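Down below is the structure, laid out as C-alpha cells.
Since we're looking at a predicted model, the values are computed, not measured. For reference, positions follow the sequence shown, starting with 1. Note that these values count all heavy atoms, side chains included, but never hydrogens, waters or copies made by symmetry.
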Amino acid sequence: GGEMANLLPPEASGFETGNVEDHWLSVDDFERDSTRARTGSWSLRVDFELQTFLANSADLNPVEPDTEFAAGFWAYAPGSDWEGFISIDWYDADDNYLYEDIQETPVVLAANTWTEVRYETTSPPDAARALLWLVIWTPDDGLVSAWIDDVYFETESAETITGELDGTL
C-alpha cells in the first residue's frame with residue numbers, strides 16, 4: 001500500500017518526545033514510560049481499574065468530511081483476555097456533536113505482547129473535527145497497567161487507492 005498520513009503529531013503518537021498531557025486526557029494516571037516500547041524507546045503507560053479511556057481532543061481538527069479513515073493503536077496487555085477498542089466522536093464546523101462512531105467488536109489483546117487495535121470508518125458529510133477515544137478493558141481485579149504506542153488516525157490519498165486498484169504500485 002501507499003504511505004498513510006497520520007493526523008496525530010509524533011508527541012501524540014509515538015511518545016518519544018513532548019508533553020503527553022497536551023494531547024491526551026484521562027481520569028486515570030498515565031505517563032510516558034521507557035520500560036517498554038513497540039517502536040523507539042518510549043510508550044504511554046496507563047494505570048487503571050477495569051477499564052480506561054484515553055481521549056485526544058487536541059489534534060484532529062480539522063478533519064475531512066465524507067472521508068475514509070483508519071484509527072488505531074498498539075496495546076501491550078500484561079494479562080490474558082484483555083480487550084481494546086476505538087470510539088470516535090464527530091463534530092461539525094460549529095462544534096456541534098454529531099454522533100459517536102464506535103468499534104462494535106473489541107480486539108482481544110494477546111498476553112504479554114503488542115496487539116494492534118484498528119478501526120476503519122468514514123467521517124460524516126458535515127464532519128469538521130474528531131475526538132478520538134482509546135479504550136482498554138481488563139478482566140483482572142485491582143489496579144493494573146497497560147501500554148500504548150504508535151497511535152494513528154490516518155487517511156489514504158486517492159492516488160494511493162487508485163494505484164493499488166490498477167496495480168501500478
Side-chain angles (χ1 to χ4, degrees), residues 1-61 63 67-90 100-123 130-140 142-157 160-161 164:
E3 280 299 304
M4 306 284 252
N6 190 356
L7 300 184
L8 296 174
E11 299 82 5
S13 170
F15 309 112
E16 296 301 301
T17 60
N19 184 0
V20 290
E21 286 86 3
D22 291 342
H23 302 274
W24 293 98
L25 302 168
S26 180
V27 297
D28 299 308
D29 291 330
F30 65 96
E31 64 179 358
R32 292 174 62 234
D33 186 8
S34 61
T35 60
R36 173 170 284 135
R38 181 180 167 266
T39 60
S41 303
W42 295 83
S43 65
L44 189 71
R45 190 191 78 244
V46 56
D47 305 321
F48 65 99
E49 292 187 49
L50 190 62
Q51 187 161 266
T52 189
F53 298 85
L54 283 155
N56 180 301
S57 61
D59 300 312
L60 302 176
N61 183 12
V63 294
T67 300
E68 291 181 16
F69 287 99
F73 65 101
W74 290 79
Y76 187 105
S80 300
D81 301 317
W82 293 37
E83 294 179 349
F85 68 93
I86 282 168
S87 180
I88 302 163
D89 294 336
W90 298 107
E100 181 184 40
D101 189 349
I102 193 162
Q103 184 174 11
E104 292 183 358
T105 306
V107 175
V108 176
L109 306 178
N112 303 306
T113 188
W114 291 95
T115 304
E116 185 179 18
V117 178
R118 179 181 175 89
Y119 178 53
E120 296 179 6
T121 190
T122 300
S123 58
L131 195 160
L132 175 64
W133 296 91
L134 313 181
V135 188
I136 296 176
W137 175 87
T138 176
D140 299 341
L143 189 66
V144 296
S145 297
W147 287 261
I148 289 168
D149 205 357
D150 301 323
V151 188
Y152 58 87
F153 192 97
E154 60 196 13
T155 179
E156 279 188 288
S157 66
T160 303
I161 296 167
E164 287 177 349

Within the distance-only criterion (no hydrogens, no angle test), does the side chain of Thr52 pair as donor or acceptor with the backbone N or O of Ile136 below 3.5 angstrom? no
Considering all heavy atoms of both residues, which atom of Gly84 and which atom of Leu109 are nearest to each other, and what is their separation? N-CG, 4.0 Å
Are Arg38 and Tyr76 close enough that some pair of their side-chain heavy atoms sits under 4.5 Å apart? no
Least distance between heavy atoms, Phe73 atom then Ala75 atom: CE1-CB, 3.7 Å
Taking the side chain as C-beta and beyond, is there a heavy-atom pair between Leu60 and Leu131 under 4.5 Å? no
When you compare the side chain of Trp24 with that of Leu134, does any pair of heavy atoms fall below 4.5 Å? yes
Do Val107 and Thr115 come within less than 4.5 Å of each other through their side chains, counting heavy atoms only? yes
On a heavy-atom basis, the closest approach of Leu25 and Ser57 is CD1-OG, 4.1 Å
If we only count heavy atoms from C-beta on, is the Trp114 to Trp147 side-chain gap below 4.5 Å? yes
Partner set under salt bridge (charged side-chain N to carboxylate O under 4.0 Å, His left out) for Glu21, not counting sequence neighbours: none
Determine the interplanar angle of the Trp133 and Phe53 rings, folded into 0 to 90°, and report it as parallel if under 30°, tilted if 30 to 60°, perpendicular if over 60°. perpendicular
If I compare all heavy atoms of Ala146 with all of Phe48, which pair ends up nearest, and what's the gap? CB-CE2, 3.8 Å
side-chain contact (heavy atoms from CB on, under 4.5 Å) between Phe30 and Asp47: does it pass, once the steps are laid out? CA-CA 6 Å; Phe30 65 96; Asp47 305 321; over 6 Å; no
Kindly compute the distance separating CG (Asp33) from CG (Asp149), expressed to the nearest 0.5 Å. 10.5 Å
Would you give the length of the straight line joining atom CG of Asp59 to atom CG of Leu8, rounded to the nearest 0.5 angstrom? 5.5 Å
Do Tyr152 and Glu116 get their side chains close enough for a donor-acceptor pair, meaning under 3.5 Å? yes
First locate atom CZ of Arg36, then atom CG of Leu44, and finally report the distance between them rounded to the nearest 0.5 Å. 13.5 Å
Can you tell if the side chain of His23 reaches within under 4.5 Å of the side chain of Pro9, non-hydrogen atoms only? yes
So, do Trp90 and Asp101 sit near enough that their side-chain heavy atoms are less than 4.5 Å apart? yes
Please report the interatomic distance CZ(Phe85) to CH2(Trp137), rounded to the nearest 0.5 Å. 11.0 Å
Give every residue pair that meets the salt bridge (Lys or Arg N to Asp or Glu O under 4.0 Å) criterion with at least one member in residues 74-89, sequence neighbours excluded. none
Kindly compute the distance separating CG (Asn6) from OG1 (Thr155), expressed to the nearest 0.5 Å. 11.5 Å
Distance-minimising heavy-atom pair for Arg32 and Phe15: NE-O, 2.8 Å
Do Glu68 and Thr122 have a side chain donor and acceptor closer than 3.5 Å? no
One pair to check against side-chain contact (heavy atoms from CB on, under 4.5 Å): Ser87 and Gln103. What are the steps and the verdict? CA-CA 6 Å; Ser87 180; Gln103 184 174 11; over 6 Å; no
Can you name the nearest heavy-atom pair linking Tyr119 to Ile88, along with the distance? CD2-CD1, 4.3 Å
Under the 3.5 angstrom rule, does the side chain of Glu31 hit a backbone N or O of Val46 as a donor-acceptor pair? no
Any side-chain heavy atom of Val144 sitting closer than 4.5 Å to one from Pro78? no
With rounding to the nearest 0.5 angstrom, report the OG1 to CH2 distance, Thr17 to Trp42. 10.5 Å
